[in-house]
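Written below as structure tokens is the structure these notes are about.
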Amino acid sequence: MNRRLVSVLGVLALLLSVAGCANRATGSLTPGADLSGVKDYYIVHQPKDTHGLDQMIMDRLVKMGYTAKIGEEHAPPYKADAVVTYVDKWQWDMTMYLLELTITIRNPTNNYPLATGNSFHTSLTRKSPEEMVDEVLKNIFAAK
Amino acid sequence: MDKVLCANRGLGKIIAPLALALLAGCATPATHEGMIADRYDIEHQHAKSVSVSTVGGAETSATGTPRISDADFTKALVESINKSQVFSKVLPGTGADYVLQVAIISIEQPIFGGTFTVKMEAGWTLKRSDGTVAWQEAIQSVHMVTISEEFVAATRLRVATEGAARENIKKGLAKISRLNL
């Protein structure tokens, strides 16, 4: 009986640990989209973002050799080669951490999505917001 | 020995619901049936043929959240076109008058809560047979499912995800029906 109990607890622990380690990191280009001519980005500030993700995205893009600026959302067209929007999802586990980040690069004339990237890390494999931004942008620019 | 058995039974009462809760949390993928609407808001039924494709979808893992696969979304889209008759015929492969490509851009899903609201964005592109773009638009959709509608969280999330996709297809087809093709 005790052996059975131990094995049940073992399976539960395994399930819990697997559930706590879920990761996802993706990047994809919309068919026909080409980011090679994009040099100047307009990052749309999300009013609910209190963690400065817009600044992190801008810093990363500048580090990659692009020009970038942050501004408010408005009706297109935007004065840039492409628009960047993002969705961040935070969760509490001892401390707040960034659970999921999705970044979308859009056509500045009609907001049509050109490319998107997503990074999802649960608590046990959590990354800093800067690392998440880095991971998503790398995946977007590596996408074909 | 009896005491040990009793203790084990007591623990079993704790473990069983835990196991159930864990299993209930296992994600199942969005089904194509759940993404097909009962009614469509169609203005013009085009007497043209179309071929369809989807990109950006993903397969569902048991420990993740419900995802929409390219195959299931395409199947739902084909059945929705057939049902709404926004195009007269859906052809597989090449040779159709128009090519409809849908890119699933993002699906925002909640983690906890009684009411699950799922937001979806997809890029819709309709091309003529010569490859020129006839229409292109990003379509956003939202669907909400309450705990009274669906008690089990994993099912509630799947149903909300299917609802957001269904709404996206409805909006996309409604917009296409208003085009002058």
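Worth saying up front: this structure is predicted, and the values here are computed from it rather than measured. Chain identifiers are assigned alphabetically (A, B, ...) following the order of the sequence lines, protein sequences preceding nucleic acid strands; residue numbering begins at 1 within each chain.
Both the backbone and the side chain of B:T125 come within contact range of chain A, with heavy atoms under 4.5 Å apart. Interface remark: A:N111 contributes backbone atoms only to the contact with chain B (heavy atom separation under 4.5 Å). Neither the backbone nor the side chain of A:L29 comes within contact range of chain B; no heavy atom of the residue lies under 4.5 Å from a heavy atom of that chain. In this structure, the portions of B:Q136 lying under 4.5 Å from any heavy atom of chain A include both its backbone and its side chain. Of the atoms belonging to B:A138, heavy atoms from both backbone and side chain fall under 4.5 Å from chain A.
The line from CD of A:E100 to CD of B:E108 is 8.0 Å long, rounded to the nearest 0.5 Å. A distance of 8.0 Å separates OG1 in A:T116 from CD in B:E121, rounded to the nearest 0.5 Å.
Side-chain contact between B:V55 and A:P31 is present, with heavy atoms from C-beta onward closer than 4.5 Å. No side-chain heavy atom of B:I105 sits less than 4.5 Å from a side-chain heavy atom of A:T102.
Heavy-atom neighbours of B:K89 NZ from other residues, nucleotides or ligands within 6.0 Å: at or below the threshold of 12. Heavy atoms from other residues, nucleotides or ligands lying under 6.0 Å from CE of A:M64 number more than 12. At most 12 non-hydrogen atoms from other residues, nucleotides or ligands lie less than 6.0 angstrom from CD of A:E73. Surrounding NZ of B:K83 are more than 12 heavy atoms belonging to other residues, nucleotides or ligands, all under 6.0 Å away.
For residues 61-71 of chain A, the side-chain hydrogen bond (donor to acceptor under 3.5 Å, both in side chains) pairs, not counting sequence neighbours, are A:D40-A:T67, A:D40-A:K69.
The most heavy-atom pairs under 4.5 Å with chain A, out of B:G123, B:P110, B:G56, come from B:G123.
A single hydrophobic cluster is not seen to contain both A:I140 and A:F120; linkage of ILVMFWY side chains at heavy-atom distances under 4.5 Å, directly or through other members, places them apart. Clustering ILVMFWY residues whenever any of their side-chain heavy atoms sit less than 4.5 angstrom apart, transitively, puts B:F73 in the very cluster that holds B:I139.
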